[in-house]
Amino acid sequence: MANINAKMVGDLKKQTGAGLMDCKKALVEADGDVDKAIKILREKGLSAAAKKADRIAADGLVDIMKDGNVTAMVEVNTETDFVAKNATFQEFVKGLLRTIIAVRPADLDALNAAKFDGTEYTVEETVKDKIFTIGEKISVRRFVIVEGTTSTYIHGTGVTGVIVKFEADENALNNAGFSEFSKNIALQIAAYPTPYLNREAVPANVVEEEKAVIAQQIKNDPKNASKPAQIIEKMVMGKIGKFYEENCLLDKEYVKDDSMKVSQYVDSCAKAFGGKIEVVGFERFEKGEGIEKREDNLDEEVAKMLGK
């Protein structure tokens, strides 16, 4: 049997982040073979991750990285905000972004199968190691890659992330004011989220459904009972503009000057820069959006503690 000393245990802990006792047991089981001990710990990590699979990870962070004309954004969820603020976890997210930019995976399955930045382990294996080390469920929820001229914004410590893509000529891009302008558009999207870029981006069925709702609202008003169908139609078209203002970025009031729409702000900046600017798309991730957090029942928790 190999002689397991404190230095071996300490070195293994540094390599894996596992607890001292776990490292010692793994070395004993592996008869001092460090590589085998790492494998044993990793296998235990897979087991630990499986036990945490049904937990709800609705916290975490959104982060963004740019490399030349490529911009990547990722949302990684954790169970608590405490873990999201951990420097080791944040560096893991940075490594994930480097991996995304280097590999350009098509989807989450491809990302999970890719080698994690600077290692021989896959992203999936690395995530499970982090679960084992940190002790919480960690989930890579989504990512996006945008190529071209972009501006980015991250609100708070990764609460909301935004990437905006522009088409602009050299006059606009080389103007000193373009950086502030593009940042303002990103801030707008973060502060006032809209599902669509412009009116043309709204699916026809969504518009028709909204028109039907508005038409019914108008007909439900007794004052409109005797109005002919063509008048009702004109009233509907008059009101549909409000829908566009609330749901389309370029129709929205500009966050820093509500006397103009975002489209007007874009046009005014293009004119001031002596060039052409077009907002062609955006991506917005909000940490945990759509994930229903589990509400613990205090009475049930107390009953469990008392063995009732």
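At a threshold of 4.5 Å between non-hydrogen side-chain atoms, the residues F243 and V206 count as touching. With contacts defined as side-chain heavy-atom distances shorter than 4.5 Å, the pair L12/M8 does not qualify. Residues Y265 and D257 are not in side-chain contact: their nearest non-hydrogen atoms beyond the backbone lie 4.5 Å or more apart. No side-chain heavy atom of K25 sits less than 4.5 Å from a side-chain heavy atom of E29. Under the 4.5 Å side-chain criterion, counting only non-hydrogen atoms from C-beta, V202 is not in contact with N247. Using a 4.5 Å cut-off on side-chain heavy atoms (C-beta onward), T149 and F178 make contact. Proximity of F89 to I138: side-chain heavy atoms (C-beta onward) are separated by under 4.5 Å at one or more points. At least one side-chain heavy atom of K94 sits less than 4.5 Å from a side-chain heavy atom of M65.
Listed for the R284 side chain is a donor-acceptor partner under 3.5 Å among the backbone atoms of I189. A donor-acceptor pair under 3.5 Å is formed between the side chain of E136 and the backbone N or O of T80. Here the side chain of S263 pairs no donor or acceptor atom with the backbone of D251 at under 3.5 angstrom. Without hydrogens or angle criteria, T194 side chain to C248 main chain gives no donor-acceptor distance under 3.5 Å. Under a 3.5 Å cut-off, the side chain of K239 and the backbone N or O of I218 do not form any donor-acceptor pair. A donor-acceptor distance shorter than 3.5 angstrom exists from the side chain of D169 to the backbone of K276, with no hydrogens or angles considered. A donor-acceptor contact shorter than 3.5 Å links the side chain of N171 to the backbone of G274.
Environment of CD in E209: sparse, with no more than 12 heavy atoms of neighbouring residues, nucleotides or ligands closer than 6.0 Å. Around the CD atom of E180, the shell of radius 6.0 Å holds no more than 12 heavy atoms that belong to other residues, nucleotides or ligands. Crowding of E120 atom CD: a count of heavy atoms from other residues, nucleotides or ligands under 6.0 Å not exceeding 12.
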Inset, instruction - Could you please spell out the steps behind the side-chain contact (heavy atoms from CB on, under 4.5 Å) verdict for N174 and F273? - result: CA-CA 9 Å; N174 294 330; F273 301 160; over 6 Å; no
Legend entry - Verdict with reasoning, Q216 to N220, per side-chain hydrogen bond (donor to acceptor under 3.5 Å, both in side chains): CA-CA 6 Å; Q216 193 57 53; N220 287 342; 3.0 Å; yes
Legend entry - Intermediate values then yes/no, side-chain contact (heavy atoms from CB on, under 4.5 Å), L108 and F143: CA-CA 8 Å; L108 280 174; F143 72 92; 3.9 Å; yes
Inset, instruction - Could you walk me through whether V140 and L111 pass the side-chain contact (heavy atoms from CB on, under 4.5 Å) test, one step at a time? - result: CA-CA 9 Å; V140 182; L111 174 60; 4.0 Å; yes
Legend entry - Step-by-step side-chain contact (heavy atoms from CB on, under 4.5 Å) determination, V144 to F285: CA-CA 10 Å; V144 67; F285 287 178; 4.0 Å; yes
Inset, instruction - In sequence, state the C-alpha distance, the side-chain angles, and the governing distance for E208 and K211, and then conclude on salt bridge (Lys or Arg N to Asp or Glu O under 4.0 Å). - result: CA-CA 5 Å; E208 291 307 312; K211 285 181 180 179; 3.7 Å; yes
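By the rule that hydrophobic residues join a cluster once side-chain heavy atoms approach within less than 4.5 Å of another member, F166 and V280 end up as members of separate clusters. Taken together through direct or relayed side-chain contacts under 4.5 Å among Ile, Leu, Val, Met, Phe, Trp and Tyr, I64 and L61 form parts of separate hydrophobic clusters. Under the 4.5 Å side-chain heavy-atom criterion for Ile, Leu, Val, Met, Phe, Trp and Tyr, V34 and Y121 are members of the same hydrophobic cluster. Clustering ILVMFWY residues whenever any of their side-chain heavy atoms sit less than 4.5 angstrom apart, transitively, puts Y244 in a cluster other than the one holding Y254. Each of V213 and V236 belongs to its own hydrophobic cluster when Ile, Leu, Val, Met, Phe, Trp and Tyr are linked at side-chain heavy-atom distances under 4.5 angstrom.
Between Y196 and A201, the closest heavy-atom pair is CD2-O, 3.7 Å. Taking every heavy atom of both residues into account, E75 and N77 meet most closely at OE2-ND2, 2.8 Å. Across all non-hydrogen atoms, the minimal contact from A186 to Y153 is CB-CB, 3.7 Å. In terms of heavy-atom proximity, E210 sits nearest to I240 at CG-CD1, 3.6 Å. Here the shortest heavy-atom pairing between K261 and L250 reads CB-O, 3.8 Å. Of all heavy-atom pairs spanning A72 and I101, the tightest one is CB-CG1, 3.7 Å.
To the nearest 0.5 angstrom, I4 atom CD1 is 11.5 Å from C23 atom SG. We find the OG1-CG distance between T71 and L97 to be 10.5 Å, quoted to the nearest 0.5 Å. The distance from the CG atom of N112 to the OG1 atom of T126 is 10.0 Å, given to the nearest 0.5 Å. With rounding to the nearest 0.5 Å, the separation of CD1 in I100 from CG in D117 is 11.0 Å. N5 contributes atom CG, which lies 8.5 Å from atom CG of D11 (distance to the nearest 0.5 angstrom). Atom-to-atom distance recorded for K287:NZ and T157:OG1 is 6.0 Å, nearest 0.5 angstrom.
Using a 4.0 Å cut-off between charged nitrogen and carboxylate oxygen, E289 and R141 do not count as a salt-bridge pair. By the 4.0 Å N-to-carboxylate-O rule, E91 lies close enough to R98 to be salt-bridged with it. A salt bridge links R104 with E147; the closest basic N to acidic carboxylate O contact falls under 4.0 Å. Between K271 and D267 there is no salt bridge, since no side-chain nitrogen of the basic residue lies less than 4.0 Å from a carboxylate oxygen of the acidic one. Under 4.0 Å is where a charged nitrogen must lie from a carboxylate oxygen, and between K137 and E79 no such pair does. For the pair K128 and E125, the salt-bridge criterion is not met [side-chain N within less than 4.0 Å of a carboxylate O].
Here the rule is side chain to side chain contact (heavy atoms under 4.5 Å, CB included) with T152, and of V162, V146, I163 only I163 fits it.
With 3.5 Å as the limit, one finds no donor-acceptor pair spanning the side chains of N184 and Q188.
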